[in-house]
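Single-structure report; data block below.
Everything numeric in this text was worked out from a predicted model, so none of it was measured. Chain A is the first sequence line, chain B the second, and so forth, proteins listed ahead of strands; every chain is numbered from 1.
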Amino acid sequence: MEMAAAVETQNMEAGVRRYPPGDLALWIFILAELSVFAVFFAAYAFTRAHHVELFNTYQATLDRNSALANTLVLITASYLVARAVGAIQLGNTRTSSRWLWAAVGMAMLFLLIKGHEYAHHFEEGVRLSTNTFYMFYLSLTFFHFMHVILGMIVLIVLAVRTGRGHYDAQEYTDIESGASYWHMVDLVWMVLFPLVYVMQ
Amino acid sequence: MRGPTLVYLLLCALTLFTWGVARFGLHGLGASLLVLGVALVKGQFIGDWFMALRGVSGFWRWAVTVWLLLIAALVGSAFMITNGG
């Protein structure tokens with residue numbers, strides 16, 4: 001026990017933590033979410049193996065420019081959230097709140113762009129039942145879309161609470177937890193974008 | 001905050017590269033694996049710098065890396081079966 005405590009102290013001094021930033025329970029939830037997405041991605045890839053022409057044909061109907069814009073928007077949002085964490089660590093409450101609101105703006109922009117993409121597909125008569133490719137495309141991206149909505153709600157709550165002075169340089173676990181969840185949403189899209197829009 | 005800013009710019013550049021692969025009509029196994037590899041690098045940067053896992057020891061340090069390698073194995077093998085013949 002003393003040995004373990006000594007190692008932990010050594011790690012703390014070296015700036016190494018034993019657990020990731022934020023609430024550990026949330027990280028277990030993040031791992032569960034990542035596992036679900038891994039199953040979805042594998043199902044997409046192996047189903048595609050049996051319908052290569054169909055997948056390549058209908059993948060070409062997707063708007064890659066919108067997907068590019070949305071990828072840049074998500075990366076920007078993640079960067080803004082990272083800045084918010086950095087600001088609260090220094091005790092800059094107002095700055096942290098501003099970074100969080102900027103990230104909320106990016107999340108809204110993502111939803112607008114993706115919503116526009118969906119509207120276009122629905123106008124064209126695309127449905128879940130249209131074909132296997134669209135079934136995967138709509139399911140995967142909408143599942144992710146729902147995560148963006150949840151992440152945005154979390155960021156709004158954090159931005160409001162930070163602005164009201166609920167957090168400071170000593171207590172900001174909630175911000176780290178919310179930030180980690182948001183980065184997970186971003187991480188998943190980093191695989192989803194090339195897999196669904198680019199790889200063929 | 002210099003590190004996260006550099007990572008942010010790198011992530012944007014890699015995203016443009018991925019989009020460019022599709023824009024210029026590059027496809028096939030080589031292009032697909034290249035784009036998948038770029039996605040893994042981006043994911044690792046997000047895990048290390050934005051999720052701050054580079055400052056964590058033990059299991060959690062490698063949680064995102066293991067997930068990315070799992071994705072690479074599953075998706076990569078599916079594409080190799082398809083495009084590799």
Side-chain angles (χ1 to χ4, degrees), chain A residues 7-8 11 14-22 24 27 30-31 34-35 37-39 41-42 44-50 52 55-56 59 64-65 67-68 71-72 75-76 78-83 85-87 176 179-180 182-184 186-188 190-195 197-200, chain B residues 1 3-5 7-9 11-12 14-16 18-23 26-28 31-47 49-61 63-64 66-68 70-83:
Chain A
V7 169
E8 188 61 20
N11 283 343
V16 179
R17 303 159 66 150
R18 192 173 174 188
Y19 296 107
L24 190 60
W27 274 90
I30 286 174
L31 282 192
L34 288 176
S35 304
F37 274 106
V39 171
F41 293 152
Y44 173 95
F46 282 102
T47 306
R48 178 190 173 277
H50 296 286
V52 180
F55 272 58
N56 287 350
Q59 188 190 58
R64 288 186 180 124
N65 293 335
L68 167 70
T71 309
L72 294 174
I75 291 170
T76 304
S78 253
Y79 172 68
L80 295 169
V81 168
R83 293 301 301 256
V85 174
E176 284 185 320
S180 298
W182 181 263
H183 296 317
M184 183 274 291
D186 186 23
L187 174 65
V188 166
M190 291 308 116
V191 176
L192 199 157
F193 166 54
L195 180 63
Y197 287 86
V198 179
M199 290 169 68
Q200 56 174 274
Chain B
M1 269 296 155
T5 303
V7 167
Y8 168 64
L9 294 173
L11 288 172
C12 290
L14 290 172
T15 298
L16 286 169
T18 300
W19 173 82
V21 167
R23 177 74 182 78
L26 299 175
H27 52 84
S32 292
L33 293 183
L34 177 66
V35 162
L36 181 63
V38 168
L40 301 188
V41 170
K42 288 166 72 181
Q44 190 62 47
F45 273 120
I46 289 169
W49 286 88
F50 290 166
M51 293 172 127
L53 293 180
R54 76 187 193 289
V56 179
S57 64
F59 168 79
W60 293 101
R61 170 70 186 92
V64 165
V66 169
W67 182 75
L68 289 167
L70 180 70
I71 297 288
L74 292 169
V75 173
S77 60
F79 271 76
M80 278 193 262
I81 290 166
T82 314
N83 299 51

If you count heavy-atom pairs under 4.5 Å with chain B, which of [options] comes out on top?
| options | value |
| --- | --- |
| A:Met184, A:Glu176, A:His183 | A:His183 |
| A:Val188, A:Asn56, A:Leu31 | A:Leu31 |
| A:Leu72, A:Thr76, A:Leu195, A:Ile30 | A:Thr76 |
| A:Met190, A:Arg64, A:Arg48 | A:Arg48 |

Rounded distance (nearest 0.5 Å) linking atom [atom1] of [X] with atom [atom2] of [Y]:
| X | Y | atom1 | atom2 | result |
| --- | --- | --- | --- | --- |
| A:Asp186 | A:Thr71 | CG | OG1 | 9.0 Å |
| B:Ser32 | A:Gln200 | OG | CD | 7.5 Å |
| B:Gln44 | B:Met51 | CD | CE | 11.0 Å |
| B:Cys12 | B:Leu16 | SG | CG | 7.0 Å |
| B:Ile71 | A:Leu187 | CD1 | CG | 9.0 Å |

Using non-hydrogen atoms and a 4.5 Å limit, figure out which bit of [X] sits close to chain A: side chain, backbone, both or neither.
| X | value |
| --- | --- |
| B:Leu53 | side chain |
| B:Val64 | side chain |
| B:Phe45 | neither |

Practice problem: Just do the side-chain contact (heavy atoms from CB on, under 4.5 Å) check on A:Phe46 and B:Ile81 with the steps written out, would you? | Solution: CA-CA 9 Å; A:Phe46 282 102; B:Ile81 290 166; 4.0 Å; yes
Heavy-atom contact with chain B under 4.5 Å, split by part of [X]:
| X | value |
| --- | --- |
| A:Ala38 | both |
| A:Phe193 | side chain |
| A:Trp182 | neither |

Quiz item: B:Leu33, B:Leu36, B:Leu34, B:Val21: which one forms the most heavy-atom pairs within less than 4.5 Å of chain A?
Solution: B:Leu36
Practice problem: Dump the intermediate steps for side-chain hydrogen bond (donor to acceptor under 3.5 Å, both in side chains) on A:Tyr79 and A:Arg83, then the final yes or no. | Solution: CA-CA 6 Å; A:Tyr79 172 68; A:Arg83 293 301 301 256; 2.8 Å; yes
Quiz item: Tell me, do A:Met199 and B:Val75 make a side-chain contact under 4.5 Å, heavy atoms counted?
Solution: yes
